[in-house]
Amino acid sequence: MSKKELLNIENLAINYITDDGTVKAVNGIDIKLDKGETLGLVGETGAGKTTTALGIMRLVPNPPGKIIEGKIEFEGRDLLEVEEEEMRMIRGNKISMIFQDPMTSLNPVMTVGEQISEVIEIHQDLNRQDAMKKAEEMLELVGISKTRSNNYPHQFSGGMKQRVIIAISLACNPQLLIADEPTTALDVTIQAQVLDLMNDLKEEFHTAMILITHDLGVVSEVCDKVAIMYAGEIIESATLKQLFENPKHPYTLGLFGSIPNLEEESHRLKPIKGLMPDPTNLPTGCKFHPRCPYGTDLCSKQHPKAIEIEEGHRVKCLIYEGLVDAEVKK
Amino acid sequence: MHKYIFKRLLLLIPVLLGVTFIVFTIMSFTPGDPAQLILGESAPPEKVEELRAEMGLDDPFLVQYFRFVGNALRGDFGRSYRTKREVFAEIFARFPNTLILTIVAIAIAVAIGIPVGIISATKQYSLMDSISMVGALLGVSMPNFWLGLMLILAFSVGLGWLPFAGFEGASSIILPAITLGTGAAAIITRMTRSSMLEVIRQDYIRTARAKGVAEKKVVNKHALKNALIPVITVVGLQFGYLLGGAVLTETVFSWPGVGRLLVEAIKQKDTPTVLASVVFMATTFSFVNLLVDILYAYVDPRIKSQYSK
């Protein structure tokens, strides 16, 4: 393991075991992340992005969720092995998380100052007053006047709430920040502000980040690396440049193809045909084959392996294993 | 906030007018002649007529009602037909007994209901949860008087630990308070459980966990305060309900409270006592409700900001 490496996830699998069947949310994913690096985790709703994030925090609701296998190495230690008490000291401190919906992610009966200072009090050796002072500094840092630390969440707008959440998540200078669709619930203009803020703070604190999103535009602005998730698997991972200039997997191409083009005259959007498979009943072989324009019989039988086609660019598709003959184009 | 409280107090006026009007109507149009009741079965009809005229019972119904309201506004609720004593004095003599019984009962109910509800919710589907839910079901289903009698049988007659009736010293309150509080405890348990179950799934609870807050603190600080809002409503309603509904318990334990006074007054058509008791209970009930609403503001800042509008 190199000195720069911060996070190394290998073969992580997470299931939700319910009465209606087992939901295979995450199926053997590998993620590597260096210090200060930003990874974009992209995929449709239900691809397993949030579950992956919760898995890293060890916050997958159990029951029904269960981490079946794999390892999550963080700073050289497997998080799946550490005691709960120790894990608690990592959460909010070394790894913190920003959730999708700022409207519901803050406790309505606590002031925002209390909610920020709480995380500082837990993880840093500060008394209540000092923690509150630091919390006020954090508020200023995210662009909210410290005079508002006595206010309650309902007195803030959605964008400001998300700023408060960012303040909470960065209060203890985490090594890793997991942002789960941090801008999805916000207006487009506010999205840009929040993204800029996150970007600036990330640089300032040298924080590595996993940005979960389904917006490739956001990825192109913020990320160094990208991993595309489909049905609980990472089907393609590459650097930002590689992925945007030379996407390989038919699904990734489909994603790019579905972005409307400003220069081209078109009357209809071009979605990827079909729907995400039912996670309780995933297709055999390659999970994308029922929707894939190049799908063959073999695709429905053989599960593709991850192939490294150039350094740092891995793709899971039988075409690149040389087993299916097709020319993939944009 | 002060404006809100003032508004609520003003609202008490139509409530009391409505309540007294309904009770007055019922008392006026149900059979039985108060004059006859006062003078006894064997009184000569002329005497009864005379007294009726004197009491103004021959006046039109509305005239009688507004005379009552006018007198009540001056604090004069009249004298009991039975005991000839001032009704308010009589109620005041008994009300503290009912109040103490109710407070102890609701305290027992809260002390049992909230912790059991929390444990039930945090350990959903566990053995502990099943036991407390069956217990809660029994609690709401058992009739008060039956439970009271069983408790007397066990602890007074059988074991001889506690007095079985009356009002002698602190120990005599235990059995009636348990009897009265059991139903409320069951309801509060169920309410706390369901409210807690809802809150514990909220996003902000996940946020708290993601901050590294210890699970105990997640439950007792982050979740509980949110979960308490509906529980406070139920506690307030139960308190008012127990206050007025302690009749059976008071009867079983010969507890000298307002509930028993009211029932006896109804039986003997003692209109002034009935009206005064009802006014008293309605007022107390309204005050308890107001208190609950004020409490909300302290628990939930969103409600507080609404009050100040």
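Since we're looking at a predicted model, the values are computed, not measured. Throughout, protein chains are lettered first and strands after them, A, B, ... in sequence-line order, and every chain is numbered starting at 1. Any value given below was found using the heavy atoms of this structure, including those in side chains, with hydrogens, waters and symmetry copies removed.
- If you tally non-hydrogen atom pairs under 4.5 Å between each of A:S169, A:P153, A:P108 and chain B, the highest count goes to A:P108.
- Proximity of B:V219 to B:L224: side-chain heavy atoms (C-beta onward) are nowhere separated by under 4.5 Å.
- At a 4.5 Å heavy-atom cutoff, A:E84 makes no contact with chain B through either its backbone or its side chain.
- A salt bridge links A:R88 with A:E85: the distance from a Lys NZ or Arg NE/NH1/NH2 to an Asp or Glu carboxylate oxygen falls below 4.0 Å.
- In this structure, no portion of B:A208 lies under 4.5 Å from any heavy atom of chain A.
- Within the 4.5 angstrom heavy-atom criterion, only side-chain atoms of A:I122, from C-beta onward, approach chain B.
- Within the 4.5 Å cutoff, no side-chain heavy atoms of B:R193 are placed close to those of B:T189.
- Among A:M103, A:M110, A:Q100, the residue with the largest count of heavy-atom pairs under 4.5 Å with chain B is A:M110.
- Looking at B:V213, both its backbone and its side chain come within 4.5 Å of chain A, counting heavy atoms on both sides.
- Closest of all the heavy-atom pairs between A:G143 and A:R163 is CA-NH1, 4.2 Å.
- For a residue to count as touching a neighbouring chain, one of its non-hydrogen atoms must lie under 4.5 Å from one of that chain's; by this rule A:N107 touches chain B with backbone and side chain alike.
- With a 4.5 angstrom heavy-atom cutoff, A:M89 does not touch chain B via any of its atoms.
- Considering every non-hydrogen atom in both B:D129 and B:S120, the closest pair reads OD1-OG, 2.8 Å.
- Only the side chain of A:L54 has a heavy atom closer than 4.5 Å to any heavy atom of chain B.
- When each of A:L106, A:D101, A:I90 is scored by its heavy-atom pairs under 4.5 Å with chain B, the top score falls to A:L106.
- Among A:T104, A:V119, A:I178, the residue with the largest count of heavy-atom pairs under 4.5 Å with chain B is A:T104.
- With respect to chain A, the highest number of heavy-atom pairs below 4.5 Å among B:K225, B:E215, B:R206 belongs to B:R206.
- The heavy-atom pair separating A:Y152 from B:P301 by the smallest distance is CD2-CG, 3.1 Å.
- Considering all non-hydrogen atoms of both residues, A:L80 and A:G70 come closest at CD1-O, 3.4 Å.
- Using a cutoff of 4.0 Å between basic side-chain nitrogens and carboxylate oxygens, A:E181 and A:K49 are scored as salt-bridged.
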